[in-house]
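Below is one structure, written out as structure tokens; the observations come after it.
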Protein chains: 2
Amino acid sequence: MITRTESAAATRRALLDAAAGLLDEGGPEAVTLREVGARAGVSRGAPYRHFADKDDLLTAIAAQAWNALADQAGTLGAHPGMPTRDKVRAMLAGMLATARERPHLYRLMHRPPAGPEVLQAAARSQGPFVAALSDLVGDTQAHRFGAVLLSGVHGAIGMEASGQLTRDKWKTDADEILDTLVGLLPAS
Amino acid sequence: MITRTESAAATRRALLDAAAGLLDEGGPEAVTLREVGARAGVSRGAPYRHFADKDDLLTAIAAQAWNALADQAGTLGAHPGMPTRDKVRAMLAGMLATARERPHLYRLMHRPPAGPEVLQAAARSQGPFVAALSDLVGDTQAHRFGAVLLSGVHGAIGMEASGQLTRDKWKTDADEILDTLVGLLPAS
DNA sequence: GGCTTTCAGGTGACGTTGTCAACTCTGTAG
DNA sequence: CTACAGAGTTGACAACGTCACCTGAAAGCC
């Protein structure tokens with residue numbers, strides 16, 4: 001049996017999926033509430049039953065994406081037998097992969113100003129990251145190293161996306177920058 | 001005497017200034033061609049005499065901002081007696097200052113995909129930067145170092161803007177990250 | 001069971017925006 | 001002096017976000 005709340009939850013998810021799909025395919029301008037509703041099989045006004053406005057819908061998508069990254073980081077962090085530095089590298093590589101596979105979503109995740117919902121989800125993804133760094137460089141240095149690593153990879157991603165970081169111009173790319181930064185960490 | 005081409009050029013500049021002002025004050029959503037025209041003292045259709053469409057106007061603003069940064073970097077690079085590493089630091093600090101004083105403009109400068117006009121102006125700003133680095137680490141390493149430095153500072157700026165890089169969470173800030181990265185360079 | 005409430009969803013309407021076509025007007029070239 | 005080019009205006013249109021109002025059915029209560 002399908003209760004009403006179940007149906008509503010399904011619609012909400014359909015709206016999120018439709019909006020994320022439109023974002024991936026056509027960028028932010030392609031995400032119109034009318035088209036989102038149409039793809040989800042509802043009318044143009046229906047989204048307002050689940051989200052305050054368009055911005056609220058986009059925020060929910062961003063938070064969802066951060067939570068997916070957090071799950072991925074958590075799985076990596078709990079992986080037994082994997083060298084800690086490789087875990088750090090893999091977490092950053094996960095960011096890079098998301099940015100390349102779904103550039104518009106990645107940009108949405110970093111859209112200022114980030115609301116509390118997004119900040120909390122992002123913090124959740126950074127928990128395992130800082131924990132791994134603590135094992136390598138100690139608690140006191142973990143945050144400082146983390147900020148440098150995260151900034152460096154995030155910046156390389158942004159410059160690559162805008163076309164400023166090309167191998168032709170800089171003789172390197174985002175992957176190498178990631179490796180260079182991770183190389184600053186002690187091994188094991 | 002005021003020729004017609006002079007008057008047209010003045011209108012074009014007025015449109016650019018008006019749009020840049022609206023961008024600084026109210027973000028990208030505040031930049032409407034109607035309001036731009038009104039501020040420039042012309043009608044809503046006038047911008048189409050100087051720019052192909054809204055995007056073209058925004059692109060021109062981004063290119064103009066990159067050129068201003070390029071001028072600043074060029075002045076720094078030609079500064080006699082200043083230690084080369086300080087020049088590099090000052091150039092990066094100039095980026096950081098722009099990002100803090102005019103965050104919406106900074107974001108526009110890095111908006112993907114960057115057209116040829118923007119990429120060329122950006123490259124112009126990076127010329128003095130790479131030249132200074134060549135003096136410090138040699139031609140072969142200058143580009144790789146430059147990419148890491150630029151990525152790191154750009155990423156820190158982005159995370160600071162979105163509220164993700166706070167001293168509360170990371171025990172550091174963009175200024176310290178900048179210093180840390182510049183500290184990787186040999187002195188003098 | 002019947003009644004009332006609640007709430008997902010639909011529809012009409014409005015203001016705003018980007019954009020185009022048609023028009024006016026005025027320096028400028030021939 | 002005439003024709004032209006081009007800056008500027010205005011009317012119009014479609015698309016969009018959003019709101020107010022309406023509908024219908026599930027859910028809770030007696």
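A note on names: the letters A, B, ... follow the listed sequences, proteins ahead of strands, and every chain is numbered from 1.
Leu119(B) and Leu69(B) fall into different hydrophobic clusters, defined by Ile, Leu, Val, Met, Phe, Trp and Tyr side-chain heavy atoms under 4.5 Å apart, directly or through other members.
Using a 4.0 Å cut-off between a side-chain N of Lys or Arg and a carboxylate O of Asp or Glu, Glu25(A) and Arg39(A) qualify as a salt bridge.
Within the 4.0 angstrom heavy-atom criterion, only backbone atoms of the sugar-phosphate kind lie near Ala46(A); the bases stay farther away. Contact annotation for Val31(B): backbone-only contact, meaning every heavy-atom pair under 4.0 Å involves sugar-phosphate atoms and none involves a base. As judged by a 4.0 angstrom heavy-atom cut-off over every strand, Thr32(B) is placed among residues touching the sugar-phosphate backbone only.
Between the side chain of Asn67(A) and the backbone N or O of Ala63(A), at least one donor-acceptor pair lies under 3.5 Å. Between the side chain of Lys87(A) and the backbone N or O of His79(A) there is at least one donor-acceptor pair closer than 3.5 Å. Judged by distance alone, the side chain of Trp66(A) and the main-chain N or O of Met109(A) form a donor-acceptor pair under 3.5 Å.
Axis angle between the ends of the helix from dG1(C)-dC30(D) to dG30(C)-dC1(D), five pairs each and rounded to 10 degrees, works out to 0°.
In terms of phosphate contacts, His50(B) brings no side-chain nitrogen or oxygen within less than 4.0 Å of OP1 or OP2 of dG6(D). At dA8(C), none of the side-chain N or O atoms of Thr11(A) fall inside 4.0 Å of OP1 or OP2 (strictly under the cut-off).
Of the candidates Leu133(A), Leu178(A), Leu184(A), Leu149(A) forms a side-chain contact (heavy atoms from CB on, under 4.5 Å) with just one, namely Leu133(A).
Counting heavy atoms from C-beta on, the side chains of Gln141(A) and Leu136(A) never come closer than 4.5 Å. Between Tyr106(B) and Arg100(B), the closest side-chain pair of non-hydrogen atoms is not below 4.5 Å.
Nucleotide dG17(D) holds its P atom 12 Å from the CD atom of Glu29(A), rounded to whole Å. The CG atom of Leu57(A) sits 14 Å away from the C1' atom of dT18(D) (whole-angstrom rounding). One atom, CZ of Phe51(B), and another, C1' of dG18(C), lie 16 Å apart when rounded to the nearest Å.
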Which nucleotides of nucleotides 19-24 of chain C have their base under 4.0 Å from a protein heavy atom (B), which only their sugar-phosphate (S), and which neither (-), written as one string 5' to 3'? B-----
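Qualifying salt bridge (charged side-chain N to carboxylate O under 4.0 Å, His left out) partners for Asp179(B), counting only residues two or more places apart in sequence or in other chains: Arg89(B).
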